[in-house]
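All values reported here derive from a predicted model rather than from experimental measurement.
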Amino acid sequence: MDITYVSESDFLEPCERAIRSERIALSAGEPIRIDLDAEKPGYSGQVVVEIRAGDGSGFGSDFQASDPTRFPARIRAAATALFNCGCSGQFLITHRNRVLEITQQ
């Protein structure tokens, strides 16, 4: 399922900051962790996303649902941050208890 990138999110800036500072580790296949300073823990989830270089319309995902608006907001922000930081390819993004983990596949 294709999902559009976010234009605004409280989670976008911390994701971009972490990706920029941990870019070498991410490119080497090491997971990076992003602790989100969020009031609520949010929904847990795990999604493989495909960031396509030069395609600002959205990203591919293995998300299975009939309604794309149910896509996890924190994972969507992380995918947007990956695109904004110039990353491309497949990434596993996991969210649990205010912590995102991103691993390049």
Side-chain angles (χ1 to χ4, degrees):
M1 172 180 289
D2 280 359
I3 305 293
T4 58
Y5 291 115
V6 298
S7 56
E8 293 182 29
S9 170
D10 291 340
F11 308 115
L12 190 55
E13 192 275 329
C15 290
E16 288 182 5
R17 185 175 56 243
I19 291 165
R20 285 190 181 101
S21 69
E22 299 292 328
R23 182 74 180 261
I24 293 171
L26 184 63
S27 296
E30 297 176 28
I32 62 170
R33 289 176 46 96
I34 305 163
D35 292 315
L36 299 173
D37 183 24
E39 187 175 312
K40 296 180 181 180
Y43 296 111
S44 294
Q46 179 173 303
V47 179
V48 174
V49 300
E50 181 179 0
I51 309 300
R52 299 177 291 254
D55 182 0
S57 66
F59 58 94
S61 75
D62 67 350
F63 183 67
Q64 299 294 315
S66 59
D67 183 1
T69 64
R70 303 303 300 164
F71 192 87
R74 295 165 199 218
I75 293 176
R76 188 173 170 213
T80 302
L82 286 164
F83 179 78
N84 290 349
C85 291
C87 298
S88 61
Q90 287 193 336
F91 299 84
L92 173 65
I93 306 175
T94 303
H95 174 256
R96 284 186 190 86
N97 298 321
R98 298 181 184 93
V99 176
L100 282 166
E101 187 172 282
I102 304 172
T103 309
Q104 187 160 17
Q105 301 290 281

Exercise. Sequence neighbours left out, what pairs pass salt bridge (charged side-chain N to carboxylate O under 4.0 Å, His left out) with at least one residue falling in residues 87-105?
Key: none
Practice problem: Any pair with a residue in residues 21-36 that passes salt bridge (charged side-chain N to carboxylate O under 4.0 Å, His left out), sequence neighbours left out, goes on the list, sorted by first then second residue, please. | Solution: Arg33-Asp35
Self-check item: Test side chain to side chain contact (heavy atoms under 4.5 Å, CB included) applied to Thr94 and Leu100, step by step
Solution: CA-CA 6 Å; Thr94 303; Leu100 282 166; over 6 Å; no
Quiz prompt | same_hphob_cluster(Leu26, Val48) at 4.5 Å side-chain heavy-atom cutoff | solution = no
Atom pairs and distances, side-chain donor-acceptor, residues 66-92, under 3.5 Å, sequence neighbours left out:
from	atom 1	to	atom 2	distance (Å)
Asp67	OD1	Thr69	N	3.0
Asp67	OD1	Thr69	OG1	2.6
Asp67	OD2	Thr69	OG1	2.9
Arg74	NH1	Lys40	O	3.3
Arg74	NH1	Pro41	O	3.2
Arg74	NH2	Lys40	O	2.9
Arg76	NE	Thr4	O	2.8
Arg76	NH2	Thr4	O	3.4
Arg76	NH2	Thr4	OG1	3.1
Arg76	NH2	Tyr5	O	3.4
Thr80	OG1	Val6	N	3.0
Thr80	OG1	Arg76	O	2.9
Asn84	ND2	Glu16	OE2	2.7

Quiz prompt | Heavy-atom donor-acceptor pair, Ser27 side chain to Ile24 backbone, under 3.5 Å | solution = no
Atom [atom1] in [X], atom [atom2] in [Y]: separation rounded to 0.5 Å?
X	Y	atom1	atom2	result
Glu50	Asp2	CD	CG	9.0 Å
Gln46	Phe63	CD	CZ	13.0 Å
Ile19	Ile32	CD1	CD1	5.0 Å

Self-check item: Qualifying side-chain hydrogen bond (donor to acceptor under 3.5 Å, both in side chains) pairs, either residue in residues 54-63, two or more places apart
Solution: Arg52-Asp55, Asp55-Ser57
Kindly list each side-chain donor-acceptor pair under 3.5 angstrom involving residues 7-15, sequence neighbours excluded, with atom names and distances?
from	atom 1	to	atom 2	distance (Å)
Ser9	OG	Phe11	N	3.0
Glu13	OE1	Arg17	NH1	2.6
Glu13	OE2	Arg17	NH1	2.5

Quiz item: Can you list every ring pair (Phe, Tyr, Trp, His ring centres under 6.0 Å) pair that touches residues 33-53, not counting sequence neighbours?
Solution: none
Quiz item: Looking only at heavy atoms, what is the nearest atom pair of Ile34 and Ala18, with distance?
Solution: CG1-CB, 3.5 Å
Practice problem: Evaluate the criterion side chain to side chain contact (heavy atoms under 4.5 Å, CB included) for residue pair Val99 and Leu36; output intermediate values, then yes/no. | Solution: CA-CA 6 Å; Val99 176; Leu36 299 173; over 6 Å; no
